[in-house]
Peer 1: 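What follows is a single structure, and I will ask about it in a moment.
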Amino acid sequence: MNIQTINISMKNDLQELIDSTVYISKYSGYTEMRTAEEDILEPELPANGIKENARLECVYDETNEMVNYCQYYKNYENNNTLFLGGFYIKRNKQKNGLGKKILKMYEEKWKQEGYTRIILQVDIKNWVGIRFWFRNGYNKIIKWIGDLEYLDNTYAMIRLEKII
Ligand SMILES: CC(C)(COP(=O)(O)OP(=O)(O)OC[C@H]1O[C@@H](n2cnc3c(N)ncnc32)[C@H](O)[C@@H]1OP(=O)(O)O)[C@@H](O)C(=O)NCCC(=O)NCCS
């Protein structure tokens with residue numbers, strides 16, 4: 001398995017993976033899912049972000065199925081920090097150790113590129129996600145974002161940090 005840059009010819013594989021993870025919109029309350037084509041051609045950027053720093057990458061398994069995609073932004077705040085905007089394992093491939101294995105591959109690559117700090121945001125209602133990040137070393141909360149009161153239709157996120 002290796003990390004590949006996603007290009008437009010991979011659009012259908014990416015769409016299938018995105019469709020399998022639609023269930024997580026209930027954690028964020030955000031129901032407008034972006035299409036694979038939008039993600040490839042018009043990446044989401046942080047405020048004042050530039051397209052050149054945005055990356056959309058993926059991993060295919062040995063059966064040639066796209067099992068992971070990962071969106072991130074390089075040089076966020078400074079040259080040592082990378083903002084991990086999205087990390088997904090195809091729904092039917094979860095809970096099999098793939099997430100941990102593939103995350104390690106990305107972290108190795110980022111280390112080699114000179115990054116020492118990875119930050120990300122995760123929805124509080126996504127406790128499978130929080131558990132995954134915590135168990136993989138993203139265990140420092142550096143920011144709290146969102147609603148103050150817990151209700152069925154309120155949402156919040158935490159920003160987590162790992163020094164690699
Ligand atoms: C969060 C996410 C990336 C985790 O991916 P994953 O491939 O399921 O991760 P892993 O398999 O490495 O680990 C998940 C759990 O499965 C367990 N596991 C690993 N191999 C296993 C096996 N063969 N049988 C049973 N459980 C197993 C791991 O120990 C881990 O358990 P833990 O939570 O008790 O530590 C995945 O659930 C996902 O894509 N979710 C949707 C998107 C999302 O929420 N992204 C993160 C927020 S931005």
Side-chain angles (χ1 to χ4, degrees), residues 1-4 6 10 12-36 38-40 43-47 49 53-74 76-77 81-111 115 117-147 150 152 154-164:
M1 288 200 296
N2 61 320
I3 296 169
Q4 299 181 41
I6 297 183
M10 301 166 171
N12 294 342
D13 293 343
L14 178 60
Q15 190 63 54
E16 206 179 293
L17 209 170
I18 290 175
D19 290 345
S20 85
T21 61
V22 164
Y23 71 94
I24 67 165
S25 63
K26 66 175 178 285
Y27 306 136
S28 60
Y30 191 71
T31 48
E32 268 179 47
M33 298 299 283
R34 285 165 58 87
T35 64
E38 283 168 336
D39 272 347
I40 297 168
E44 277 193 297
L45 299 173
N53 286 359
R55 294 288 180 281
L56 185 60
E57 296 178 340
C58 69
V59 173
Y60 282 84
D61 72 2
E62 39 298 310
T63 68
N64 211 23
E65 186 172 348
M66 189 190 283
V67 290
N68 158 262
Y69 84 97
C70 180
Q71 284 173 306
Y72 58 93
Y73 189 84
K74 295 172 111 175
Y76 182 84
E77 293 174 349
T81 302
L82 187 146
F83 185 92
L84 178 49
F87 183 86
Y88 300 80
I89 298 293
K90 202 170 199 176
R91 179 69 153 155
N92 62 352
K93 304 283 174 170
Q94 294 176 5
K95 291 248 170 259
N96 218 2
L98 262 187
K100 189 186 190 79
K101 183 173 167 187
I102 292 174
L103 180 62
K104 268 197 188 144
M105 289 167 49
Y106 282 101
E107 287 177 347
E108 275 312 309
K109 172 177 142 100
W110 296 333
K111 248 192 241 179
Y115 292 97
R117 180 174 175 253
I118 312 297
I119 57 177
L120 59 88
Q121 281 166 196
V122 57
D123 298 305
I124 307 262
K125 288 182 176 175
N126 182 3
W127 72 57
V128 169
I130 295 176
R131 183 177 166 118
F132 174 77
W133 294 122
F134 178 76
R135 293 201 178 209
N136 285 288
Y138 295 76
N139 50 21
K140 184 172 174 195
I141 300 174
I142 56 170
K143 197 172 181 179
W144 182 276
I145 304 146
D147 295 319
Y150 180 95
D152 282 349
T154 55
Y155 303 94
M157 292 186 287
I158 43 177
R159 182 176 285 188
L160 299 175
E161 174 190 85
K162 179 177 181 180
I163 305 299
I164 59 171

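Every number for a ligand or one of its atoms is a count from 1 in the order of the listing.
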Peer 1: Could you list the donor-acceptor pairs under 3.5 angstrom formed between side-chain atoms of residues 154-164 and any protein atom two or more places apart in sequence or on another chain?
Peer 2:
| unit_1 | atom_1 | unit_2 | atom_2 | d |
| --- | --- | --- | --- | --- |
| T154 | OG1 | E149 | O | 2.7 |
| T154 | OG1 | L151 | N | 2.6 |
| T154 | OG1 | L151 | O | 3.2 |
| R159 | NE | Q121 | OE1 | 2.8 |
| R159 | NH2 | Y76 | OH | 3.3 |
| R159 | NH2 | Q121 | OE1 | 2.7 |
| E161 | OE2 | R117 | NE | 2.7 |
| E161 | OE2 | R117 | NH2 | 3.3 |
| K162 | NZ | E107 | OE1 | 3.2 |
| K162 | NZ | E107 | OE2 | 3.3 |
| K162 | NZ | N136 | O | 2.9 |

Peer 1: What protein heavy atom is closest to atom 35 (O) of ligand 1, reported as residue, atom name and distance in Å?
Peer 2: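 Its nearest protein heavy-atom neighbour is R135 CD, 2.9 Å.
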Peer 1: Is the closest protein non-hydrogen atom to atom 41 (C) of ligand 1 under 4.0 Å?
Peer 2: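 Given the 4.0 Å limit, the answer for atom 41 (C) of ligand 1 is yes, a protein heavy atom qualifies.
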Peer 1: With backbone taken as N, CA, C and O and side chain as the heavy atoms from C-beta onward, which portion of N126 lies under 4.0 Å from ligand 1: side chain, backbone, both, or neither?
Peer 2: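 Side chain only.
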Peer 1: Could you identify the single nearest non-hydrogen protein atom to atom 5 (O) of ligand 1 and state the distance to 0.1 Å?
Peer 2: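 Result for atom 5 (O) of ligand 1: I89 CG1, 3.6 Å.
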Peer 1: Mark yes when over 12 heavy atoms from residues, nucleotides or ligands other than K143 sit less than 6.0 Å from its NZ; otherwise mark no.
Peer 2: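 No, the 6.0 Å shell around NZ holds no more than 12 heavy atoms from other groups.
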Peer 1: Can you check whether V128 has an N/O within less than 3.5 Å of an N/O in ligand 1?
Peer 2: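 Looking only at distances, the answer is no, because the N/O contact criterion of under 3.5 Å is not met.
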Peer 1: Between R131 and ligand 1, which residue portion shows a heavy-atom distance shorter than 4.0 Å: side chain, backbone, both, or neither?
Peer 2: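 Side chain only.
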Peer 1: When you measure from atom 20 (N) of ligand 1 to each heavy atom in G97, G85, G86, which option holds the nearest one?
Peer 2: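 The option holding the nearest heavy atom is G97.
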Peer 1: If you define the side chain from C-beta out and look only at heavy atoms, does anything of V22 sit under 4.5 Å from I24?
Peer 2: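 Heavy-atom side-chain distance check fails, nothing below 4.5 Å.
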Peer 1: Nearest protein heavy atom to atom 46 (C) of ligand 1, by residue and atom, and its distance?
Peer 2: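 Protein heavy atom at minimum distance: W133 NE1, 3.6 Å.
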Peer 1: Can you tell which part of I24 has a heavy atom less than 4.0 Å from ligand 1: side chain, backbone, both or neither?
Peer 2: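 Side chain only; the backbone of I24 stays clear of ligand 1.
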Peer 1: Only one of F87, F83, W110 clears ring pair (Phe, Tyr, Trp, His ring centres under 6.0 Å) with Y72; which?
Peer 2: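 When ring pair (Phe, Tyr, Trp, His ring centres under 6.0 Å) is applied between Y72 and each of F87, F83, W110, only W110 qualifies.
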Peer 1: Has N92 got more than 12 heavy atoms of other residues, nucleotides or ligands less than 6.0 Å from its CG?
Peer 2: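 Count over threshold, so yes.
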Peer 1: Does N96 reach ligand 1 with a nitrogen or oxygen that is under 3.5 Å from one of the ligand's nitrogen or oxygen atoms?
Peer 2: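 N/O-N/O distance below 3.5 Å exists for this pair.
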Peer 1: Tell me whether N139 contacts the main-chain N or O of F134 through its side chain, where contact means a donor paired with an acceptor under 3.5 Å.
Peer 2: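 Judged by distance alone, no pair lies under 3.5 Å.
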Peer 1: Is the closest side-chain heavy-atom distance between L98 and N68 below 4.5 Å?
Peer 2: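 Sidechains of N68 and L98: no contact.
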Peer 1: Quick one: look up the protein heavy atom nearest atom 45 (N) of ligand 1 and list residue, atom name and how far away it is.
Peer 2: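 Here the nearest protein heavy atom works out to F87 O, 2.9 Å.
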Peer 1: By number and element, which atoms of ligand 1 are closer than 4.0 Å to a non-hydrogen atom of K100?
Peer 2: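 With K100 as reference, the close atoms of ligand 1 come out as 12 (O).
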Peer 1: K125: which residues meet the side-chain hydrogen bond (donor to acceptor under 3.5 Å, both in side chains) condition with it, sequence neighbours left out?
Peer 2: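 With sequence neighbours excluded, K125 shows a side-chain hydrogen bond (donor to acceptor under 3.5 Å, both in side chains) to no residue whatsoever.
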Peer 1: In terms of atom number and element, which parts of ligand 1 are under 4.0 angstrom from non-hydrogen atoms of Y88?
Peer 2: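 So the atoms of ligand 1 that pass are 39 (O), 42 (C).
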Peer 1: Where is the nearest protein heavy atom to atom 38 (C) of ligand 1: which residue, which atom, and how far?
Peer 2: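 Among all protein heavy atoms, the one nearest atom 38 (C) of ligand 1 is Q94 NE2, 3.3 Å.
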Peer 1: Check whether any N or O atom of G99, backbone or side chain, sits under 3.5 Å from an N or O atom of ligand 1, and answer yes or no.
Peer 2: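 Among all N and O atoms of G99, at least one is under 3.5 Å from an N or O of ligand 1.
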Peer 1: Heavy atoms, side chains only, cut-off 4.5 Å: are E16 and K90 in contact?
Peer 2: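 In short, these two side chains touch, coming nearer than 4.5 Å.
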Peer 1: Does some side-chain heavy atom of Y60 sit less than 4.5 Å from a side-chain heavy atom of M10?
Peer 2: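 With C-beta onward as the side chain, the pair touches.
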Peer 1: Looking only at atom types and distance, does a side-chain atom of E57 sit under 3.5 Å from a main-chain N or O of C70, one as donor and one as acceptor?
Peer 2: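 Judged by distance alone, no pair lies under 3.5 Å.
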Peer 1: Check for me whether Y23 has a heavy atom closer than 4.0 Å to any atom of ligand 1.
Peer 2: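 It does; at least one heavy atom falls under 4.0 Å.
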Peer 1: For K109, I'd like to know if atom NZ has over 12 heavy atoms of other residues, nucleotides or ligands within 6.0 Å.
Peer 2: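 Buried by this count: over 12 neighbours within 6.0 Å.
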Peer 1: Any N or O of K95 that comes nearer than 3.5 Å to an N or O of ligand 1?
Peer 2: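 Such a contact does occur with ligand 1.
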Peer 1: Is there a side-chain contact between Y138 and L103 in this structure, where contact means two heavy atoms from C-beta onward sitting under 4.5 Å apart?
Peer 2: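 Y138 reaches L103 side chain to side chain.
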Peer 1: Give the contacting part of T21 toward ligand 1: side chain, backbone, both or neither, where contact means a heavy-atom distance below 4.0 Å.
Peer 2: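 The answer is neither; T21 stays 4.0 Å or more away.
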Peer 1: Could you tell me whether F134 approaches ligand 1 through its side chain, its backbone, both or neither, with non-hydrogen atoms closer than 4.0 Å?
Peer 2: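 No part of F134 comes within reach of ligand 1.
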Peer 1: Test of understanding: given a 4.0 Å heavy-atom threshold, classify the contact between F132 and ligand 1 as side chain, backbone, both, or neither.
Peer 2: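 The answer is the side chain.
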Peer 1: Yes or no, since that's all I need: does a protein heavy atom fall within a distance strictly under 4.0 Å of atom 12 (O) of ligand 1?
Peer 2: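 Yes.
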Peer 1: So, is K93 polar-close to ligand 1, with some N/O to N/O distance under 3.5 Å?
Peer 2: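 N/O-N/O distance under 3.5 Å: no.
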Peer 1: Just to confirm, does any protein heavy atom lie below 4.0 Å from atom 17 (C) of ligand 1?
Peer 2: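 No.
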Peer 1: Within the structure, does at least one protein heavy atom fall under 4.0 Å of atom 28 (C) of ligand 1?
Peer 2: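 Within 4.0 Å: no protein heavy atom nearby.
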Peer 1: Any side-chain heavy-atom pair from I18 and D39 closer than 4.5 angstrom?
Peer 2: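 I18 reaches D39 side chain to side chain.
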